[in-house]
**Q** 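The structure is given below, and queries will be raised subsequently.
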There are 2 protein chains.
Amino acid sequence: MGATKLNLYTDDINTIAKIAKVFAHPARVAILQYISKQQSCICNDIVDEIGLSQPTISQHLKVINDAGLLKGNFEGNSLCYCLDIERFQTFQSLINAFFNQTKSNCC
Amino acid sequence: MGATKLNLYTDDINTIAKIAKVFAHPARVAILQYISKQQSCICNDIVDEIGLSQPTISQHLKVINDAGLLKGNFEGNSLCYCLDIERFQTFQSLINAFFNQTKSNCC
DNA sequence: TTTATATATCGTAATATTGCAATATTACTA
DNA sequence: TAGTAATATTGCAATATTACGATATATAAA
């Protein structure tokens with residue numbers, strides 16, 4: 001009990017759910033938006049920008065990163081995060097495919 | 001501790017997260033897909049279709065319904081659920097606006 | 001090497017989500 | 001009105017997520 005029964009669903013369905021989970025917390029939406037606004041891909045002023053602790057931000061970044069949405073490299077002694085646009089685009093396409101298919105089928 | 005600090009974020013950000021949450025569980029993705037496939041908006045063979053118990057499906061339906069995505073009306077003694085396409089379309093538009101804005105801003 | 005700064009990880013408490021059995025409710029039918 | 005089928009609600013156990021303090025690790029500069 002309590003755990004999601006992933007085996008009940010098709011891979012496609014699990015993929016959509018997994019993608020949606022990344023955006024299902026406002027901190028992660030805010031982080032993505034903030035990263036995109038910094039032309040030069042600046043790093044952890046995210047902690048200052050959003051009002052969460054450094055470990056919490058780091059945890060959310062890990063979720064975003066595990067989804068493959070980040071490219072990070074060091075600039076000086078600080079980490080420079082950048083959105084992986086291609087991957088982001090893939091997510092958008094998959095989500096749109098789900099929406100389009102679902103609504104076109106419906107009564 | 002533990003609870004999401006919604007007050008830290010703009011309404012737009014919280015809206016995106018809330019929408020994403022609906023799709024962040026495979027059962028709900030599957031339910032939406034299944035409902036859309038039934039031309040005649042058929043009801044709780046969802047329970048048979050997906051392998052979850054009736055109360056669990058009902059709970060997921062409630063989440064989807066609370067998001068405003070369902071139109072339900074009784075047909076005989078069974079409930080006929082139907083996707084609210086307009087609302088669904090609104091969700092799609094909002095998500096796409098987020099994606100487009102985020103990726104166009106980025107480095 | 002020491003020091004300072006930036007980021008990640010660990011451990012843990014608080015809260016949320018998932019799933020189901022039992023039960024209640026609703027709507028039809030006899 | 002009693003019985004039946006469909007759906008919702010309640011209560012609870014298992015698990016996941018969120019958040020943070022403490023600490024570890026990594027990089028740069030002194």
Side-chain angles (χ1 to χ4, degrees), chain A residues 1-9 13-14 17-31 34-35 38 40-67 70-82, chain B residues 1-9 13-14 17-31 34-35 38 40-67 70-82:
Chain A
M1 246 192 285
T4 298
K5 296 182 160 182
L6 293 169
N7 60 309
L8 292 179
Y9 316 99
I13 286 175
N14 282 322
K18 218 192 273 182
I19 289 174
K21 236 176 221 180
V22 176
F23 307 103
H25 194 287
R28 294 196 286 271
V29 176
I31 288 171
Y34 183 72
I35 287 177
Q38 309 306 108
S40 44
C41 296
I42 294 170
C43 35
N44 262 28
D45 354 55
I46 301 173
V47 176
D48 300 331
E49 177 71 11
I50 303 173
L52 294 171
S53 72
Q54 182 270 319
T56 303
I57 294 290
S58 193
Q59 208 171 233
H60 283 302
L61 278 168
K62 186 169 161 34
V63 174
I64 299 170
N65 189 51
D66 287 351
L70 294 179
K71 293 175 181 172
N73 47 352
F74 278 91
E75 297 224 348
N77 59 343
S78 60
L79 232 183
C80 166
Y81 277 118
C82 185
Chain B
M1 250 192 283
T4 297
K5 296 180 160 182
L6 292 169
N7 61 309
L8 293 178
Y9 316 99
I13 286 175
N14 282 322
K18 219 192 273 183
I19 289 174
K21 234 176 223 180
V22 176
F23 307 102
H25 194 288
R28 294 195 287 272
V29 176
I31 288 171
Y34 183 72
I35 287 177
Q38 309 307 108
S40 44
C41 297
I42 295 170
C43 34
N44 262 25
D45 355 53
I46 301 174
V47 175
D48 300 329
E49 177 72 10
I50 304 174
L52 294 170
S53 72
Q54 181 269 320
T56 304
I57 294 290
S58 193
Q59 209 171 233
H60 283 302
L61 278 169
K62 186 169 159 35
V63 174
I64 299 171
N65 189 51
D66 286 352
L70 294 179
K71 294 176 182 171
N73 46 352
F74 279 91
E75 297 224 347
N77 59 343
S78 60
L79 232 183
C80 166
Y81 277 119
C82 186

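Every chain is numbered from 1, with letters handed out A, B, ... down the list of sequences. Being a predicted model, the structure only gives us computed values, none of them experimental.
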**Q** Report the distance from atom CG of B/L61 to atom CD1 of B/I46, rounding to the nearest 0.5 Å.
**A**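 If I round to the nearest 0.5 Å, the distance is 5.0 Å.
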**Q** Between C/dT7 atom P and A/I50 atom CD1, what is the distance in whole Å?
**A** 14 Å
**Q** Could you check how far CG of B/D48 sits from P of D/dA5, rounded to whole Å?
**A**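 Spelled out: CG on B/D48 to P on D/dA5 is 15 Å.
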**Q** In whole Å, I'd like the distance from the CD1 atom of B/I31 to the C1' atom of C/dG19.
**A** 13 Å
**Q** Is the phosphate of D/dA19, meaning OP1 or OP2, less than 4.0 Å from a side-chain N or O of A/H25?
**A** yes
**Q** Applying side-chain hydrogen bond (donor to acceptor under 3.5 Å, both in side chains), name anything that partners A/N65, two or more places apart in sequence or on another chain.
**A** none
**Q** Give a yes/no on whether any side-chain N or O of B/T56 is located under 4.0 angstrom from OP1 or OP2 of C/dC20.
**A** yes
**Q** Does OP1 or OP2 of C/dC20 have a side-chain N or O of A/K5 closer than 4.0 Å?
**A** yes
**Q** Looking at B/D45 and B/Y34, what are the two nearest heavy atoms and their distance?
**A**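 Of all heavy-atom pairs spanning B/D45 and B/Y34, the closest is CB-OH, 3.9 Å.
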**Q** B/A27 or A/K62: which one's nearest nucleotide on DNA chain C is closer to the 5' end?
**A** A/K62
**Q** Starting at NZ of A/K21 and ending at C1' of D/dT15, how long is that distance when rounded to a whole Å?
**A** 11 Å
**Q** Measure the distance from CD1 on A/I64 to C1' on C/dT7 and round it to the nearest whole Å.
**A**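 After rounding, the gap between these two atoms is 15 Å.
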**Q** Could you pull out the closest heavy-atom pair between B/I13 and A/P26, with the gap in Å?
**A** CG2-O, 3.3 Å
**Q** Tell me the interatomic distance from A/I57, atom CD1, to C/dT9, atom P, rounded to whole angstroms.
**A**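 After rounding, the gap between these two atoms is 15 Å.
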**Q** Rounded to the nearest Å, what distance is computed from the CD1 atom of residue B/I46 to the P atom of nucleotide D/dA8?
**A** 9 Å
**Q** Show every side chain to side chain donor-acceptor pair (under 3.5 Å) that has at least one partner inside residues 18-29 of chain B, sequence neighbours left out.
**A** A/T4-B/H25, B/R28-B/H60
**Q** When we call it a touch if two heavy atoms are under 4.0 Å apart, what does A/L52 touch: a base, just sugar-phosphate, or nothing?
**A**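 Contact class for A/L52: sugar-phosphate only.
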**Q** Between C/dA8, C/dG19, C/dA16, which nucleotide has the shortest distance from any of its atoms to the side chain of A/Q54?
**A** C/dA8
**Q** Looking only at side-chain atoms of B/Q59, point me to the closest of C/dA8, C/dT18, C/dA21.
**A**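 Closest nucleotide to the B/Q59 side chain: C/dT18.
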**Q** Nearest to the A/H60 side chain among C/dT9, D/dT18, D/dT15, which nucleotide is it?
**A** D/dT18
**Q** Respond yes when some side-chain nitrogen or oxygen of B/Y81 is under 4.0 Å from OP1 or OP2 of D/dA8, and no when none is.
**A** yes
**Q** Whole angstroms only, please: what is the NZ-P distance between B/K18 and C/dA16?
**A** 14 Å
**Q** Check every strand shown and say whether B/T4 touches a base, only sugar-phosphate, or nothing at a heavy-atom separation below 4.0 Å.
**A** sugar-phosphate
